[in-house]
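Here's the structure we're looking at; comments come further down.
Lettering of chains follows the sequences in order, A, B, ..., and the numbering in each one begins at 1.
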Number of protein chains: 2
Amino acid sequence: MAELSTTSDVPVATIKYYLREKLLPAGESETANQARYGSPHLDRLRLIRALIDVGGLSIASARSVLEVIDSDASLPETFAVAQHSVSVAIEPSDLDPADLDRIDELLVGWHVSPNNPGRLASARVLSAFRGVGQTDDRGWFARYAEAALLIATADLDEIESRPDRAAKVETVVVGTVLGDALISGLRRAAQEHVTSERFS
Amino acid sequence: MAELSTTSDVPVATIKYYLREKLLPAGESETANQARYGSPHLDRLRLIRALIDVGGLSIASARSVLEVIDSDASLPETFAVAQHSVSVAIEPSDLDPADLDRIDELLVGWHVSPNNPGRLASARVLSAFRGVGQTDDRGWFARYAEAALLIATADLDEIESRPDRAAKVETVVVGTVLGDALISGLRRAAQEHVTSERFS
DNA sequence: CGCATACGGATAGTATAGCTATCCGATAGT
DNA sequence: ACTATCGGATAGCTATACTATCCGTATGCG
């Protein structure tokens with residue numbers, strides 16, 4: 001365990017914590033006070049840190065996506081779990097139906113289930129926009145939807161390019177969780193670029 | 001204050017907390033135990049809740065963006081504060097320069113300063129991707145960058161359409177903070193759409 | 001006038017999350 | 001034989017975002 005700690009740069013106490021929380025499977029006990037941790041454990045630990053540190057997942061969310069990776073769930077099932085894990089739960093009841101309608105207008109022609117977490121989250125954002133007195137510019141949001149479609153298409157192309165089911169499932173999870181961080185980051189870089197272009 | 005609480009649906013104790021934390025300016029005291037809160041206070045309170053609940057900002061981050069809204073900062077300065085507030089601080093020193101190079105390759109032709117929080121965050125995501133054994137597919141990330149540019153252009157168009165500096169500054173902040181939530185939400189909807197298109 | 005009620009402000013307490021430090025008995029190396 | 005280290009269990013810590021209680025003042029109502 002000490003070796004796992006030094007190679008992964010994660011404190012021993014934290015590794016023990018992840019074991020307790022069932023994020024990391026126990027190493028195989030060799031004697032009563034010695035366990036063996038191999039490269040699968042190291043890989044898993046790196047995945048955990050990526051999900052938590054970079055993706056911002058909670059311990060509980062990380063556990064549920066790791067469980068789905070270990071299971072034999074289908075790709076759509078995996079997507080559902082991954083999406084749920086990165087979204088804050090929203091009660092459809094405390095959402096203005098008008099906001100949902102507006103989102104559905106943006107998504108015409110899209111095949112999206114009514115309780116898709118993204119649909120609900122988008123409606124909540126729209127509601128917040130209106131609440132702070134922003135005019136809700138259809139054109140603005142429509143361009144976001146266009147960009148979202150580009151990204152999702154790129155995601156699915158990438159997933160399909162993976163050789164087997166296990167690799168596909170891991171890409172679904174990693175892509176969903178880290179993709180959010182990536183698009184946010186690139187968006188900030190692009191904002192600075194476009195700003196400097198227009199205010200120079 | 002009780003009235004402000006009922007119309008905004010924020011508990012009185014929480015309003016007092018925001019006053020203490022200097023997120024909300026005090027109402028003007030009418031007598032020793034009575035203060036007056038008007039619609040500017042209600043607007044501000046709604047903005048605070050949007051930033052915290054929907055945008056996921058911490059109290060400290062919310063305070064710094066509210067301060068910049070109240071100040072007479074320029075648009076680029078406002079952008080910098082808003083971007084900083086939604087990003088986790090990253091030490092450039094614990095980043096692999098190779099990852100930064102790869103990000104810069106994606107951003108050729110863009111005018112982005114070396115310590116743009118988005119640039120650093122993107123490099124960290126790239127590092128995490130490699131760490132979990134994903135092949136870093138240039139095409140995938142390039143399509144993200146393209147989408148990011150679309151979004152940033154839409155953001156700047158929207159900001160320019162605002163009538164005066166105060167409105168522009170508020171749109172910078174609200175757009176930066178809530179825009180992240182919006183693109184994430186729409187991306188999930190788009191993922192379900194594209195998935196169902198391909199697996200039906 | 002009297003007094004229960006409500007007010008705003010100050011202070012202390014609470015719940016949760018994510019670690020982190022200490023203790024413990026067993027065992028491995030010298 | 002003995003000291004250091006191991007893994008496991010348990011308790012403690014820190015930060016964040018509230019939440020509840022207390023308190024002196026003042027207002028409305030009879």
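Gln34(B) has its CD atom 10 Å from the P atom of dG9(C), to the nearest Å. As rounded to whole Å, 13 Å separates atom P of dG8(C) from atom CD of Glu28(B). Rounded to whole angstrom, the span from the CZ atom of Arg36(A) across to the P atom of dG8(D) amounts to 15 Å. dT16(D) atom P lies 13 Å from atom CD1 of Ile52(B), rounded to whole Å. Distance CD1 (Ile48(B)) to P (dT16(D)): 18 Å, rounded to an integer number of Å. If you measure from atom CG of Leu57(A) to atom P of dC19(C), you get 12 Å, rounded to the nearest angstrom.
Taking the side chain as every heavy atom from C-beta outward, Arg162(B) and Glu170(B) never approach each other to under 4.5 Å. Side-chain contact between Pro117(A) and Ile90(A) is absent, with no heavy atoms from C-beta onward closer than 4.5 Å. Ile52(A) is listed as a side-chain neighbour of Leu23(A), based on a closest heavy-atom distance under 4.5 Å.
The side chain of Ser58(A) lies closest to dG18(C) when the candidates are dG9(C), dG18(C), dA17(D). Between dT20(C), dG8(C), dC19(C), one nucleotide has an atom nearer to the side chain of Ile59(A) than all others, and that is dC19(C).
If you check residues 13-21 of chain A against DNA chain C, the residues with a heavy atom closer than 4.0 Å are Ala13(A), Thr14(A), Tyr17(A), Tyr18(A), Arg20(A), listed by number.
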Checking salt bridge (Lys or Arg N to Asp or Glu O under 4.0 Å) for the pair Arg119(A)/Asp104(A): CA distance, chi angles, key distance, verdict?
CA-CA 8 Å; Arg119(A) 175 176 176 263; Asp104(A) 291 337; 2.8 Å; yes
Criterion salt bridge (Lys or Arg N to Asp or Glu O under 4.0 Å) on Arg188(B) and Asp155(A), from CA distance to verdict
CA-CA 11 Å; Arg188(B) 296 192 212 318; Asp155(A) 289 339; over 6 Å; no
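Counting any heavy atom pair closer than 4.0 Å across all strands shown, Ala2(A) reaches sugar-phosphate atoms only and no base atom.
The existence of a salt bridge linking Asp157(A) and Arg143(B) is confirmed by a sub-4.0 Å separation between a basic side-chain nitrogen and an acidic carboxylate oxygen.
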